[in-house]
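Take a look at the structure set out below.
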Protein chains: 2
Amino acid sequence: MAGVAGVSTATAGRVLGGYGKVSETSRRKVEEAAQRLGYRANGLARSLIQGSTETIGVIVTDVGNSFFASAVRAIADEVRAAGYEMLLANTDADPQTEQRALRMMWEKRVDGVIIAPQGSGSVGHLRPLVDDGLPIVLLDRPLATLPEVDQVIINNTSCARSAVNHLIELGHRHIAVISEAAHDFPRLRSVTLAGGDAERPSAARLVGYLAALRRAGIDADEDLVVHSPYNRAAAERAVLGLLRRRPEVTAIFCTDNVLTSGAVAAIQRSGRRCPDDLSVIGFDDQDWTTLVRPQLTVVRQPRYELGSAAAHRLLQRIEERRSAPNNRSRAENTASGDAPKIQEAQRLVLRGRLIKRASTGPIPPG
Amino acid sequence: MAGVAGVSTATAGRVLGGYGKVSETSRRKVEEAAQRLGYRANGLARSLIQGSTETIGVIVTDVGNSFFASAVRAIADEVRAAGYEMLLANTDADPQTEQRALRMMWEKRVDGVIIAPQGSGSVGHLRPLVDDGLPIVLLDRPLATLPEVDQVIINNTSCARSAVNHLIELGHRHIAVISEAAHDFPRLRSVTLAGGDAERPSAARLVGYLAALRRAGIDADEDLVVHSPYNRAAAERAVLGLLRRRPEVTAIFCTDNVLTSGAVAAIQRSGRRCPDDLSVIGFDDQDWTTLVRPQLTVVRQPRYELGSAAAHRLLQRIEERRSAPNNRSRAENTASGDAPKIQEAQRLVLRGRLIKRASTGPIPPG
DNA sequence: CGACACAGTGAGAACCTTCTCACTGATTGC
DNA sequence: GCAATCAGTGAGAAGGTTCTCACTGTGTCG
């Protein structure tokens, strides 16, 4: 490249990289040569020397899920505006896959990572990156044992509580919840309302459900806390089973978008009329919730904003680190007592809210 | 790194990279040092020297759209299985954004690109990459002027034709279509059935609509070819306008998933009963189409498979190129008559099909 | 006229790998 | 006993940038 233009690599670099001073003559020579050769900068070499790739990693469980699709879209927008790019990976909630993705991104030297961690097992994968000073933001799922990392989440517990409150106010007493975290019921029972949002979303919502019942003086019935694997068909079966098993149930709270569609399908198949026989509240305001009849009462979560906020936060951290890269720690086993870097993690809680529509109504007479 | 282990960089490289021969002693020394230092390979340096990044670029208009969300998910799966990673960008159908994304990915030295091009303007952006020998696969949208590039598309035209045929068989004569390509109606009128799939999807589907009408001897009425911008609210307004303007319409064919939801919303608001007053066919079998009443007759397109196939094709091309990198052309203006590299582009057409459900029925009496 | 600032330039180090080549010392084959 | 093989190793180039440093020549100021 430089050879063709008849100047040194230094000068060519100055023109192409837009730094330093170059005479008009050399500039023209280089630009012409670049044009002729179809030159494109080698981002790898640039990143290698500059120590930054202008790329972030995004790890979610499934972009095919509309919730993450929206969040990822938001991240992409934010990131693009900052001139960055985005490496995307799905984990399907598999720890191994998560670890591998994290590792690869780390080796590819991403400038930061936004991750919806699979669970507490993720801490082990994340730890080395955190210690290395890589900016990380937790999306949608907090990690109690990783308090030094920023997180952006939804106030799931109080959202769930207001949803269930709404049902209680309508007179319902036999309120079922369909949840991926049902097996955790015994433990979650003793989690306080305030502590709920430290759990993963499905658990946090279950905590909200329990809190609402407790406040109303209703005993939580374990049999009404219905577990379902995370797919529509399973949710449909689970709800169908519930309705057969416990016909006195007059309301169902769904804790998630895919469980919601399964529940709606089940109710339609069960022949129960909604909301006359049965009230339903869905989670996550997908676009079809106004197309079904009755229109669905749902908890709307700001999923796009969740992504934006996470990306914004991450970019800010990257910027901070760039201007003060002293804390590239790689903590050796120094026996020094106090940690010098008080990174001060930020925890951003976005607020979802209940949208009352036609799928919830007063309890059936009798 | 090597220093700490007390061996040369060469030996360290051999251990860490897993090539060449190393004694057990050195291996242990290096591994121990790596462990202690928290060593991770620098993918940038590796890629720089090896000339491959194990990363592909994916460019779609919007991952937030469920169609692309599925396709991207599929690509991610395929790519992960091959040990690659995926750089993702959205264009919102903006040529500038597309060009920028393509440029950045190119500079970052992706090994290949899967792109749903914005339109004929994309050819200009793509041309240099193609000439440079970068493997590229066109997703969902063909590009007539770029015949040397692989493409993976849906048989949109015949899907649309069977949908409209279905309506015709039911007795409908006043069949409206709602399409993003409506303004192109005059030109598309003269496109043959066979040529339809060379158009972008919305146009291809319009061609299918026209072909079905033509075969049935029905004159296409330009006023029934309704244009709508690409969002649900606009589609809803457009359909509402249509129903007011042309009450004799008894069937509507939607050419796209977001237009479908707009149309369904409009019909519900219009007070017309479906399918008694009005039959509807949607495009793309989203999960809610069985939750609305009546359940929607739709054209189902294999969107996941579309992504898989594209990724599969691309990885294959990358593999081919790796084993025979001679065709790294950078075609200088050689006046030689014949092209030596008969790359033989592949064009893969996946088949969608009509799923008949309850939203289509015989024409209303009278 | 000498000291100095300053624009423009090139040489070369650095970034971190991979990979070729040459070398040592030991073993094998004849 | 000597050549040939072979395992194991290190030196150093290459990959394409960025960036520091030193240098030249021109103009400016005292």
Side-chain angles (χ1 to χ4, degrees), chain A residues 1-34 37-55 83 103-111 132-134 322 325 328 330, chain B residues 1-34 37-55 83 103-111 132-134 322 325 328 330:
Chain A
M1 167 61 216
V4 178
V7 296
S8 70
T9 65
T11 303
R14 278 186 264 260
V15 175
L16 269 9
Y19 53 90
K21 329 196 153 187
V22 206
S23 71
E24 203 42 49
T25 325
S26 318
R27 155 158 289 119
R28 236 189 323 258
K29 273 198 290 187
V30 172
E31 276 170 354
E32 192 192 321
L37 296 178
Y39 173 84
R40 75 195 139 130
N42 188 320
L44 296 172
R46 172 177 296 158
S47 294
L48 183 58
I49 193 169
Q50 297 203 134
S52 100
T53 51
E54 239 83 296
T55 302
R103 177 98 205 166
M104 289 193 76
M105 288 177 178
W106 197 28
E107 292 194 348
K108 292 206 167 117
R109 293 304 197 266
V110 292
D111 291 343
D132 199 47
L134 186 73
R322 182 177 309 222
R328 182 176 292 198
R330 187 61 227 150
Chain B
M1 169 61 215
V4 179
V7 297
S8 70
T9 65
T11 304
R14 277 185 265 258
V15 176
L16 271 9
Y19 52 91
K21 330 196 152 182
V22 205
S23 71
E24 204 42 51
T25 326
S26 320
R27 155 159 289 118
R28 234 186 327 253
K29 275 197 290 186
V30 172
E31 276 169 354
E32 193 191 319
L37 297 176
Y39 173 85
R40 73 196 139 128
N42 188 319
L44 297 173
R46 174 176 296 159
S47 294
L48 184 58
I49 193 170
Q50 298 203 133
S52 99
T53 51
E54 239 82 299
T55 302
R103 177 97 204 167
M104 289 192 75
M105 289 177 176
W106 197 27
E107 292 194 350
K108 291 206 167 115
R109 293 304 197 266
V110 293
D111 291 343
D132 200 45
L134 186 74
R322 182 177 310 221
R328 182 177 291 195
R330 185 63 224 149

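Every chain is numbered from 1, with letters handed out A, B, ... down the list of sequences. Just the heavy atoms: all of them, side chains too, but no hydrogens, waters or symmetry mates, feed the values below.
- One can place CG of L16(A) at 14 Å from P of dG16(D), the figure rounded to the nearest angstrom.
- Each of V22(B) and G13(A) was assigned the nucleotide of DNA chain D with the nearest heavy atom; the assignment lying further toward the 5' end belongs to V22(B).
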Show the numbers, then the answer: is there a side chain to side chain contact (heavy atoms under 4.5 Å, CB included) between E32(B) and R28(B)?
CA-CA 6 Å; E32(B) 193 191 319; R28(B) 234 186 327 253; 5.9 Å; no

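- Following rounding to the nearest Å, R46(B) (CZ) and dT17(D) (P) show an atom-to-atom distance of 21 Å.
- Taking side-chain N and O atoms only, S23(B) has a distance below 4.0 Å to OP1 or OP2 of dT9(D).
- Computed from coordinates, the Q50(B) CD to dT20(C) P distance equals 11 Å when rounded to whole Å.
- Taking atom CG of residue N42(A) and atom C1' of nucleotide dC16(C), one finds them 14 Å apart after rounding to whole Å.
- Positionally, the nearest nucleotide of DNA chain C for L48(B) lies more toward the 5' end than for the other of L48(B) and T11(B).
- Distances from the side chain of S26(A) to the nucleotides dT18(D), dT9(C), dG8(D) place dT9(C) closest.
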Does R40(A) form a side chain to side chain contact (heavy atoms under 4.5 Å, CB included) with D132(B)? I'd like the steps, not just the answer.
CA-CA 11 Å; R40(A) 75 195 139 130; D132(B) 200 45; 3.0 Å; yes

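- Side chain of A45(B), nearest nucleotide from dT18(D), dG16(D), dG15(D): dG15(D).
- Here dG10(D) presents its P atom at 8 Å from CZ of R14(B), a figure rounded to the nearest Å.
- Within the 4.0 angstrom heavy-atom criterion, no nucleotide atom of any strand lies near R109(B).
- In this structure, K29(A) places its NZ atom 8 Å from P of dT9(C), rounding to the nearest Å.
- In this structure, CD of E54(B) is placed 16 Å from P of dT17(C), rounded to the nearest angstrom.
- Side-chain N/O atoms of K21(B) include none lying less than 4.0 angstrom from OP1 or OP2 on dG8(D).
- In the set dT18(C), dT9(D), dC19(C), the nucleotide with an atom closest to the side chain of A10(B) is dC19(C).
- Distance from the side chain of I49(B) is smallest for dT17(C) among the nucleotides dA7(D), dA14(C), dT17(C).
- Here the side chain of T9(A) is nearest to one of dG12(C), dA14(C), dT18(C), namely dG12(C).
- Between R103(B) and E107(B) there is a salt bridge, since at least one side-chain N of the basic residue sits less than 4.0 Å from a carboxylate O of the acidic one.
- One finds no salt bridge joining E31(B) and R14(B) here, because no Lys/Arg side-chain nitrogen approaches an Asp/Glu carboxylate oxygen to under 4.0 Å.
- At a cut-off of 3.5 angstrom, counting only N and O atoms as typed in the model, there is no donor on one side facing an acceptor on the other between the side-chain of R27(A) and the base of dG8(C).
- Atom OH of Y39(B) is separated from atom P of dC16(C) by 10 Å (rounded to the nearest Å).
- Side chains of R109(A) and S47(A) form no contact here, defined as non-hydrogen atoms less than 4.5 Å apart.
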